[in-house]
Protein chains: 2
Amino acid sequence: MVSKAIPDIVVGRLPLYLRALSFLAAEGRQVTSSQELGQKLGISAAQIRKDLSHFGEFGKQGTGYDIKYLSEQLRRILKVTEEHEVALVGAGDLGHALVHYDGFAGKGFRISVVFDNNPQKIGRRLGTFEILDSESIETIIADRGIEVAIVAVPPNAAQEVVDALVRAGVKAILNYAPITVKVPEGVQVQYIDPVIHLQRMAYYL
Amino acid sequence: MVSKAIPDIVVGRLPLYLRALSFLAAEGRQVTSSQELGQKLGISAAQIRKDLSHFGEFGKQGTGYDIKYLSEQLRRILKVTEEHEVALVGAGDLGHALVHYDGFAGKGFRISVVFDNNPQKIGRRLGTFEILDSESIETIIADRGIEVAIVAVPPNAAQEVVDALVRAGVKAILNYAPITVKVPEGVQVQYIDPVIHLQRMAYYL
DNA sequence: GGGCTTTTGTGAAATTATAAACATACTATA
DNA sequence: TATAGTATGTTTATAATTTCACAAAAGCCC
């Protein structure tokens with residue numbers, strides 16, 4: 001394997017591999033194979049081997065992959081060995097669900113601050129967090145060096161929030177608002193919109 | 001254009017086009033171009049034209065696309081002109097957020113029944129819905145002919161819920177549980193897992 | 001230890017997807 | 001009515017991705 005630019009589509013599959021490995025580990029399994037992983041994920045075994053080969057040699061011929069070892073390697077590659085602090089903007093129903101979501105634990109992320117622009121909500125608690133004024137996004141996020149944020153605000157507020165996050169130095173944004181936002185070079189955005197997924201499936205109904 | 005099997009990746013972009021068109025329409029715009037749409041979505045104009053060409057000719061040379069007309073056509077293609085009834089399984093925080101989410105309106109989907117397996121919750125209300133026993137998924141969904149469902153239950157319950165949905169005749173499942181589930185041929189599953197998106201972005205931090 | 005089985009890592013081949021290029025058609029304007 | 005300017009739909013070219021195929025390495029069993 002030679003170090004080259006890794007295709008983004010490959011990077012996008014690594015978290016799926018890691019997730020599948022976590023489940024196998026939880027079942028007490030020690031070793032797996034590209035074939036088994038592929039079966040579980042609906043991906044060809046060859047593709048999994050090829051994807052991993054971009055980063056090194058993690059398996060043993062005739063045996064497969066040590067689950068614990070490969071998980072560690074993937075976590076290292078994805079830079080999720082330590083937990084990233086995440087800023088959440090939007091303390092509505094979705095923000096509430098995200099704050100209480102236990103799926104972030106051990107996966108490399110931890111919500112550590114919550115913002116909202118509603119004066120009714122500012123100063124109140126959401127879970128263990130005090131809801132902070134969105135006006136303070138820039139200073140607080142910059143001060144704390146947070147570089148990951150989740151946007152869970154209505155669509156008409158999303159671009160404005162994203163702009164503030166970018167100014168604060170955030171480099172990765174997970175946007176639940178159903179609009180495509182503009183960000184400068186060097187800032188990543190990923191989108192979660194249930195309607196997009198549902199409409200895509202509706203085509204095949 | 002000749003009718004052939006449409007690449008899934010093309011189908012996956014249609015909802016994005018439709019979403020962008022909705023925004024333009026909301027701004028009072030009448031006409032747009034592949035170039036403008038591409039700019040807004042971060043997709044090349046050629047790709048948009050090519051994607052649309054799989055389904056017909058919707059534009060006018062020298063002018064572009066009539067926003068209302070193209071939206072109608074995309075809705076027809078995606079089969080979201082009428083609203084699909086959606087069954088929601090899981091009345092936790094996420095289910096709560098989904099029931100109150102106003103982003104489904106006018107997009108082709110409407111949550112119309114809610115299930116949970118927690119005896120504490122069954123019979124109570126979630127928004128305007130009475131929470132029904134998950135045990136009744138099969139009969140109720142089959143009776144009402146629902147073919148779209150959203151799974152918002154903990155990972156350890158997800159496969160079981162999916163199995164029940166499949167038996168009930170559901171053909172499209174949006175799964176918020178962070179596990180890859182097994183479904184028979186002919187049943188679609190799409191996944192929403194914030195951790196996957198965050199980990200993918202973390203690679204580039 | 002030798003033969004058999006398994007499974008990796010990886011080039012080469014096949015497939016699929018994206019981008020570029022362009023002929024054609026339409027609008028607007030003078 | 002002629003001309004210039006746009007923007008489509010489609011063809012062609014380029015690039016990216018996936019699959020295939022196989023040598024090599026490791027384990028297992030007698």
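Side chains included, hydrogens not; waters and symmetry mates left out as well; all remaining heavy atoms used. The model shown is predicted, which means the values in this text are computed figures rather than measured ones.
- As a whole-Å value, the separation of A/F58 CZ from C/dT10 P is 11 Å.
- B/E147 meets the salt bridge (Lys or Arg N to Asp or Glu O under 4.0 Å) test with no other residue; sequence neighbours excluded.
- Every residue two or more places apart in sequence or in another chain was checked for a side chain to side chain donor-acceptor pair (under 3.5 Å) with B/N117, and none qualifies.
- Within residues 21-35 of chain A, the residues approaching DNA chain C are A/S33, A/S34, by heavy-atom distance under 4.0 Å.
- B/S44 is linked by a side chain to side chain donor-acceptor pair (under 3.5 Å) to nothing, counting only residues two or more places apart in sequence or in another chain.
- In this structure, the CD atom of A/Q73 is 16 Å from the C1' atom of C/dT8, given to the nearest Å.
- No cation-pi contact links A/K171 to B/Y204, judged by a cut-off of 6.0 Å to the six-membered ring centre and 45° from its axis.
- Taking the salt bridge (Lys or Arg N to Asp or Glu O under 4.0 Å) definition, one finds that A/E135 meets it with nothing, sequence neighbours left out.
- Under a cut-off of 6.0 angstrom, the local environment of CD in B/Q159 is crowded, with over 12 non-hydrogen atoms contributed by other residues, nucleotides or ligands.
- One interatomic measurement links the two molecules: CD1 of A/I48 to P of C/dT7, which rounds to 14 Å at whole-angstrom precision.
- Interface residues of residues 7-17 of chain B facing DNA chain C, ordered by number: B/P7, B/I9, B/R13; criterion, heavy-atom separation under 4.0 Å.
- Rounded to a whole Å, the CG atom of A/L37 is 15 Å from the C1' atom of C/dG9.
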Result block: side-chain N/O donor-acceptor pairs under 3.5 angstrom for residues 70-78 of chain B, not counting sequence neighbours:
{"residue": "B/S71", "atom": "OG", "partner": "B/I67", "partner atom": "O", "Å": "2.8"}
{"residue": "B/Q73", "atom": "OE1", "partner": "B/R76", "partner atom": "NE", "Å": "3.1"}
{"residue": "B/Q73", "atom": "OE1", "partner": "B/R76", "partner atom": "NH2", "Å": "2.5"}

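- The interatomic distance linking B/E36 (CD) with D/dT8 (P) rounds to 10 Å, in whole Å.
- Contact check, A/S44 against D/dT19: a side-chain N or O comes under 4.0 Å of OP1 or OP2.
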What's the verdict on side-chain contact (heavy atoms from CB on, under 4.5 Å) for B/Y203 and A/I6, showing C-alpha distance, side-chain angles and the deciding distance? CA-CA 11 Å; B/Y203 174 81; A/I6 311 292; 3.2 Å; yes
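- A distance of 5.0 Å separates CG in A/L52 from OH in A/Y65, rounded to the nearest 0.5 Å.
- Regarding B/L52, its CG atom lies at a distance of 7 Å from the P atom of D/dG9, rounded to whole Å.
- A close approach under 4.0 Å does not occur between any side-chain nitrogen or oxygen of A/Y65 and OP1 or OP2 of C/dT6.
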Atom pairs, N/O to N/O, protein against nucleotides 2-4 of chain D, distance under 3.5 Å?
none

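- In terms of the salt bridge (Lys or Arg N to Asp or Glu O under 4.0 Å) criterion, B/E160 has no residue partners (sequence neighbours excluded).
- Summary of the strand contacts: B/G64 and A/I43 both lie near DNA chain D, and taking for each the nucleotide with the nearest heavy atom, the more 5' one is attributed to B/G64.
- A donor-acceptor pair under 3.5 Å is absent between the side-chain atoms of B/D93 and the main chain of B/A97, judged by distance alone.
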Indicate for each nucleotide in nucleotides 20-30 of chain D, in 5' to 3' sequence, whether protein heavy atoms under 4.0 Å reach the base (B), only the sugar-phosphate (S), or nothing (-). BB--BBSS---
Please step through side-chain contact (heavy atoms from CB on, under 4.5 Å) for the pair A/I122 and A/L132, ending with a clear verdict. CA-CA 5 Å; A/I122 295 166; A/L132 305 180; over 6 Å; no
Run the side-chain donor-acceptor check on residues 189-196 of chain A: report pairs under 3.5 Å with partners two or more places apart or on a different chain.
{"residue": "A/Q190", "atom": "OE1", "partner": "B/H197", "partner atom": "ND1", "Å": "2.7"}
{"residue": "A/Y191", "atom": "OH", "partner": "A/V181", "partner atom": "N", "Å": "3.0"}
{"residue": "A/D193", "atom": "OD1", "partner": "A/V195", "partner atom": "N", "Å": "3.0"}
{"residue": "A/D193", "atom": "OD2", "partner": "B/R19", "partner atom": "NH1", "Å": "3.0"}

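- Not a single side chain to side chain donor-acceptor pair (under 3.5 Å) links B/Q30 to another residue, sequence neighbours left out.
- At whole-Å resolution of the value, CD in A/Q47 and P in C/dT15 are 16 Å apart.
- One atom, CG of A/D51, and another, P of C/dG9, lie 12 Å apart when rounded to the nearest Å.
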